[in-house]
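Quantities reported herein were computed from a predicted structural model and do not represent experimental measurements. Scope of the values below: all heavy atoms of this structure, side chains included, with no hydrogens, waters or symmetry mates.
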2 protein chains.
Amino acid sequence: MIPPKELIEIITEKNNFLILTHSTPDGDAFGSALALKFSLNLLSKRAEVYTEMPIPAQYKFLPGINEIKDLVELSPDKFEVLILVDCHEPSRVNNNEELISKITKFSGIKVIIDHHLERKNSDFHAIKWISPHEAATGMMVYELIKKLNIPINASIATLLYSALIVDTGNFQFDNTTEKELRIAYELVKAGAKPSFIYQNLFEGWTTNRLKLFIKMLDKTEIIPPFIIGHLRKKDFEETNTIEADTERFVEFLRILKDISISVLFREIEEGFFKVSLRSKGSLDVSVIAQSFGGGGHKNAAGYRIRATYEEARDKLIESVKNNKML
Amino acid sequence: MIPPKELIEIITEKNNFLILTHSTPDGDAFGSALALKFSLNLLSKRAEVYTEMPIPAQYKFLPGINEIKDLVELSPDKFEVLILVDCHEPSRVNNNEELISKITKFSGIKVIIDHHLERKNSDFHAIKWISPHEAATGMMVYELIKKLNIPINASIATLLYSALIVDTGNFQFDNTTEKELRIAYELVKAGAKPSFIYQNLFEGWTTNRLKLFIKMLDKTEIIPPFIIGHLRKKDFEETNTIEADTERFVEFLRILKDISISVLFREIEEGFFKVSLRSKGSLDVSVIAQSFGGGGHKNAAGYRIRATYEEARDKLIESVKNNKML
């Protein structure tokens, strides 16, 4: 995984960088974007990160998080280079059509650094560095920083360690190999504090969030090879929680023996569900997600569906049977 | 953390080793004991591990687990050297007085390799290698193996990686530092498979165990700085589960924000509770456990108490207030 020469040249020659990432950013998105910004700053370059606001509470501890600007205030044309991290299509940055169009039409140099499986027929023309085999975009940013001979300080180490543990489930998923642990070790040596970062990212549940979690567990259905959790609009209302509070719920459901796919249905509008799929081992849930118009990685994918919960659940079970994926 | 010279000499000179560990062995106990056995075997030495039976399901995947012998059949005097791993007192090995006495009176060479805080006034005279600052006894066995120049094969790597992730909560506790991640990397390079090991150790819950977990969550009390779960005898009966099924429950309770101590009371006999304490950061729960006659580490400790649940809970809360630990 070597950064493209073109990317190194652009970073060396240009001075004014805009960094964007996907909507509802997670640890890999924030971590990669901010680590890249800090690294560019260390080269005396101007770099700004813009994301959706507000920033979820668990990311408030990240170094540089307060320097992130609100996406609604973005004027891309003030920048020479636009770098898209942890996604590779302007439509993933935000739902706003005007904003997507502004990004798509950006007249400067466009770069993509991403570890998601590339969608075909994208009309976004950029220098692409897309490595779907990387556990996290943060791993790619790490390689880029090393290649540029930028010293990794404690802030950058904290950001990249956060990116890494969010996308490997703190070293529990199949994407955890020798390389991830070596880089984790390097980052801790450079100043990242494992338990401090873990506590901030994963152990900051509110009591309301715990109540929502209990609601999910109480209703969980085990239909091998699936374990299926679902949360309705009223579950969120009754516990005074939001969609972001379900982070890591579907990962928890992996805990059952002999269950290879865990699923969470979240009703984000009346009769409209966001579906998250997680698998163990060789089972590829991105294929299932794609059959419903979604996407993702082999062991972690998702899609959206307009249906009642029961219809959506039965369609999922049927689709897997019909596709003979199992 | 260098193994004592005496220990190296004994291993070099002697040929016949008995390895014992604590009762209700966990991943660090099994992993350390079996890794040590395999290493001695690689030096063409005879080595046997004896533990309590039956072996819990989650440890069945460990290399060599079927070679472990039943503690009830132990005749220590057939061996030249007795090595106690992950504990340092014969009374920790088993409840049987006769067996404890046999171990205590063992006439050969006695060695201790342990990372638990040493109890004073132990009358067990042995070559002691006790390093309470080590995250796991498996880390000490790793150093010993390196010192002896024994090549770490995939089986030994799997055993030591298991020891390490059980005692660091898969790299989430405060004992996860640069060193633990470096050794994790070395072990993966030597053949340990992180997600395979994680799944076996932590994701093998039965549906009954999930039901027990839900019972605990439903009754959880939040009394800052505590979050307190409790399980009564009837909870185990109703879900057809045993005490071993509560492994990792108390660690889950760490998940709440601004809660520094998580507690689990398990009723193992009518009116008799096993209590587990976990803390975050600098708070030392071993002091609390010691005040009730128990022990452990700074962030993970335990004790036993004969009382009703309500009495036991209130005593715990009071003791902490009185001791001004917070």
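- Thr206(A) and Leu256(B) get closest at one heavy-atom pair: O-CD2, 3.5 Å.
- Atom OH of Tyr185(A) and atom OG1 of Thr177(B) lie 10.0 Å apart (nearest 0.5 Å).
- Residues of residues 187-194 of chain A lying under 4.5 angstrom from chain B, judged on non-hydrogen atoms, are Val188(A), Lys189(A), Pro194(A) in numerical order.
- Here Lys257(B) is the residue among Lys211(B), Lys257(B), Arg209(B) with the most heavy-atom pairs under 4.5 Å with chain A.
- The number of heavy-atom neighbours closer than 6.0 Å to NZ of Lys219(B), taken from other residues, nucleotides and ligands shown, is above 12.
- For Ile214(A), the part lying under 4.5 angstrom from a heavy atom of chain B is the side chain only.
- Scanning for ring-ring contact (aromatic ring centres under 6.0 Å, His included) contacts around Phe202(A) gives Tyr198(A), with sequence neighbours left out.
- Of all the listed residues (Leu181(A), Ile255(A), Ile259(A)), the one sharing the greatest number of non-hydrogen pairs under 4.5 Å with chain B is Ile255(A).
- Remark: Ile197(A) CD1 to Thr176(B) OG1 distance equals 11.5 Å, nearest 0.5 Å.
- Proximity to chain A is absent for every atom of Phe196(B), based on heavy atoms less than 4.5 angstrom apart.
- For Glu221(A), the side chain to side chain donor-acceptor pair (under 3.5 Å) test picks out Tyr309(A), Arg313(A), with sequence neighbours left out.
- Across all non-hydrogen atoms, the minimal contact from Phe252(B) to Leu210(A) is CE2-CD1, 4.2 Å.
- Heavy-atom pairs under 4.5 Å with chain A peak, among Glu203(B), Gln199(B), Glu186(B), at Glu203(B).
- Within residues 160-173 of chain A, the residues that have a heavy atom under 4.5 Å from a heavy atom of chain B are Tyr161(A), Asn170(A), Phe171(A), Gln172(A), Phe173(A), listed by number.
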